[in-house]
Amino acid sequence: MPATPPAKPATSPAQKALLKLGLRRDIDLALHLPLRYEDETRIVRLADVREGDTVQVEATVTACEVTFRPRRQLLVTVDDGSDTCLLRFFSFYPSQQKALAVGARIRARGEVRGGFAGLTMMHPSFRAAGGELPTALTPVYPTVAGLPQAYLRKAVLGGLAHADLSDTLPASGLPGSRENLSKIGLQPLWSLRESLSFLHHPAPDVALATLEDHSHPAWQRLKAEELLAQQLSQLQAKRARAGLRAPTLQPRRGGLHEQLLAVLPFTLTRAQHRVSEEIARDLALPAPMHRLLQGDVGSGKTVVAALAAAICIDAGWQCALMTPTEILAGQHFTKLLGWLEPLLAPLGLRTAWLTGSQKTKERREMLALIESGEAALVIGTHAVIQDKVVFKRLALAIIDEQHRFGVAQRLALRSKANSAPGALHVPAPTPALPRAGEGAPQREPHLLMMTATPIPRTLAMSYYADLEVSTLDELPPGRTPVVTKLVHEARRDEVVERIRAQLAQGRQVYWVCPLIEESEALDLVNATQTHAALSEALPGVLVGLLHSRMPAAEKRAVMALFTGDPGDAGAAGRMGVLVSTTVIEVGVDVPNASLMVIEHAERFGLSQLHQLRGRVGRGAAASACVLLYSTGEAPRLGETARARLKAMVETGDGFEIARRDLEIRGPGEFLGARQSGAPLLRFADLALDADLLDWARNLAPRMLDQHPELAEKHVQRWLGGRAEYLKA
């Protein structure tokens with residue numbers, strides 16, 4: 001397929017606005033579908049109008065005046081011979097007033113209201129009467145400032161006329177191809193051109209409900225094509241990775257992997273064993289692993305990551321672990337340091353730590369360790385992917401809470417594998433890779449992404465179709481179920497009494513707030529106020545405060561008092577209550593914490609509430625999560641907030657939570673940062689279009705194998721350059 005010519009330089013504000021909407025190619029314009037439609041195909045007599053109808057009338061202006069009470073407005077009376085109607089404008093220009101002069105004959109369209117003045121239209125659209133009526137509904141498109149509907153309609157018409165809308169679906173010979181579409185309710189008689197032409201200008205007698213709910217055959221055709229493009233692009237990315245070169249990392253008998261298993265203070269669950277073996281098999285292959293490790297909060301993902309890192313290091317390579325927050329990076333560093341450092345030290349290898357808040361001297365030392373290869377394991381935040389970080393031999397990249405990272409950040413971490421190749425000092429033999437420029441494929445690291453937000457089946461089939469998925473579906477023994485209680489903020493004093501009781505038993509408590517300081521927009525109790533109130537209500541108890549704006553050193557000091565500092569055996573548990581924002585959402589592991597209070601729980605997302613709840617119940621003590629909610633001035637909670645809180649009370653299963661979260665929010669928000677650059681579905685609905693998704697999944701591999709030119713043309717039509725992002 002010929003390359004798309006570069007877009008012409010935008011000169012007018014409207015052209016720039018088109019680019020802002022992503023409308024660069026003719027096909028982009030053709031696929032820019034209306035939000036709604038206006039019926040300008042018929043004239044309605046005023047005598048036949050009912051209050052609340054949106055109609056078009058043709059009438060003569062009988063009066064036009066500007067009044068100033070109660071505010072400046074233009075009042076225009078029109079008469080069509082059957083009745084009169086008042087047109088009211090609060091915002092108008094002299095040219096509009098001139099066009100509405102007495103005696104002018106106009107067509108006006110708007111919603112008709114009743115009242116003391118009789119029939120009224122507020123700010124109707126209007127133009128001079130005459131001319132033929134349209135034969136199709138008038139489209140109203142999504143737009144931005146500086147892009148009038150008239151300009152956009154003309155641009156879309158041009159796109160429809162010039163875009164290549166030839167059929168890219170195989171005509172026959174494949175299961176699920178055009179001849180079999182009717183089996184899933186997709187009428188094969190609707191071509192892409194027919195579907196788009198119809199949806200831009202539907203006939204006036206069409207059932208509007210079928211356009212609004214996307215059930216019309218024309219919509220079904222577009223949804224099927226969109227899902228097919230997504231499946232093709234995911235499969236292309238997966239096959240492209242299979243052709244790349246990655247280090248083969250074989251676990252060695254008696255090596256670090258087995259040594260780590262021997263010194264762990266606990267026994268792995270069956271699920272951890274199974275998942276570790278799946279990852280080990282991938283690491284032993286010459287193609288780069290691209291695996292998602294999903295597991296509920298507390299299912300033991302960190303030790304699985306540590307075992308993968310041990311295999312990598314034992315084979316003579318470096319491993320990088322990137323986390324979204326410094327607190328989580330610190331938790332990982334402390335845990336992995338305790339497990340791996342005693343095993344690495346005899347080999348002359350170390351663990352490095354990289355964050356944005358490091359002092360220059362410490363950072364320089366860490367960078368030198370990484371570049372020399374002495375640092376076999378590198379743990380950090382986004383600082384790991386900065387330009388100055390040069391790995392000697394990166395072979396495994398682990399990304400924790402992967403949905404918190406954007407596509408560009410994941411690509412940046414993978415690119416670190418192409419630093420200067422070399423050898424690490426380990427007793428195991430290291431397989432040599434050709435250097436860049438020697439005709440070898442570009443070296444890619446193995447990639448392991450981890451998430452505590454389980455992926456529902458429909459998302460795994462669509463947005464994560466390019467990944468292998470490993471699932472930790474059981475919790476380690478000793479984890480106690482967390483009881484979740486829904487409590488109105490009016491009972492706040494009872495919650496404080498519950499805290500006193502927990503503290504008296506030697507337990508620790510989290511109290512999470514949604515804001516740091518007062519906000520004029522949201523009347524929420526904030527972390528600083530709550531910290532002061534709890535300090536006063538709990539004399540003699542050390543109440544800590546933690547939020548994202550605190551200096552890094554201060555954060556570390558607070559966390560050390562709550563979680564315990566390896567360098568200070570007496571620090572653990574000194575702090576009884578930690579008041580925090582959602583900075584403690586992931587990674588914090590304090591077995592002694594038995595109570596979680598979430599302030600204004602109605603403001604949090606469902607997966608976030610589940611993550612926060614997972615901070616307790618990590619020890620043997622009975623644990624509880626209190627969801628403090630407020631209805632504000634409203635008599636009751638909104639429907640969405642009520643659905644979230646109900647799900648939290650009814651289930652502690654992360655997979656069920658994820659399923660309900662997808663139902664409530666849809667895939668766009670659920671996916672988080674993976675959507676950065678990745679093409680989200682514009683037309684298809686994963687909850688409603690499962691049959692179409694199955695059809696697309698079945699057709700994609702056969703189409704790539706048997707009709708590669710059509711497949712490439714189809715992907716370029718729908719995704720353009722955005723398909724590249726799916727490779728992350």
Would [X] and [Y] count as having a side-chain donor-acceptor pair, cut-off 3.5 Å?
X	Y	value
Q716	E712	yes
D653	T651	no
Y141	H200	yes
K301	T451	no

Lys/Arg N to Asp/Glu carboxylate O, R291 vs E278, below 4.0 Å: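 So R291 pairs with E278 through a salt bridge.
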Under-4.0 Å salt bridge between R717 and D28: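 Salt bridge flag = no for D28 with R717.
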N/O donor-acceptor pair under 3.5 Å between W317 side chain and P247 backbone: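 Answer holds: no.
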Under 3.5 Å donor-acceptor, Q272 side chain and G300 backbone: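 Yes, the answer is positive, given that a donor and an acceptor are paired below the 3.5 Å cut-off.
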Pairwise side-chain contact, M703 with L710, heavy-atom cut-off 4.5 Å (strictly under):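 The answer is yes, as the side chains (C-beta and beyond) meet within the 4.5 Å cut-off.
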Sub-4.5 Å side-chain heavy-atom contact between P445 and L396: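 No; the side chains remain at least 4.5 Å from each other.
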Pi-cation contact, W190 with R221 (under 6.0 Å, within 45°):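 Ring-cation test returns no.
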What is the minimum heavy-atom distance between [X] and [Y], and which atoms define it?
X	Y	result
S276	L307	OG-CD1, 3.6 Å
A136	P204	CA-CD, 4.2 Å
R613	G652	NH2-CA, 3.5 Å
Q231	R697	OE1-CG, 3.1 Å

Partner set under side-chain hydrogen bond (donor to acceptor under 3.5 Å, both in side chains) for E656, not counting sequence neighbours: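 Once residues adjacent in sequence are excluded, the partners of E656 under the side-chain hydrogen bond (donor to acceptor under 3.5 Å, both in side chains) criterion are R659, R660.
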Which residues share a side-chain hydrogen bond (donor to acceptor under 3.5 Å, both in side chains) with D213, sequence neighbours left out: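 Residues passing side-chain hydrogen bond (donor to acceptor under 3.5 Å, both in side chains) with D213: S215.
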Centroid-centroid distance, H216 to F198, less than 6.0 Å: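 Ring centroids of H216 and F198 are less than 6.0 Å from each other.
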Parallel, tilted or perpendicular: ring planes of W718 versus F683, cut at 30 and 60 degrees: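 It falls in the perpendicular class, over 60°.
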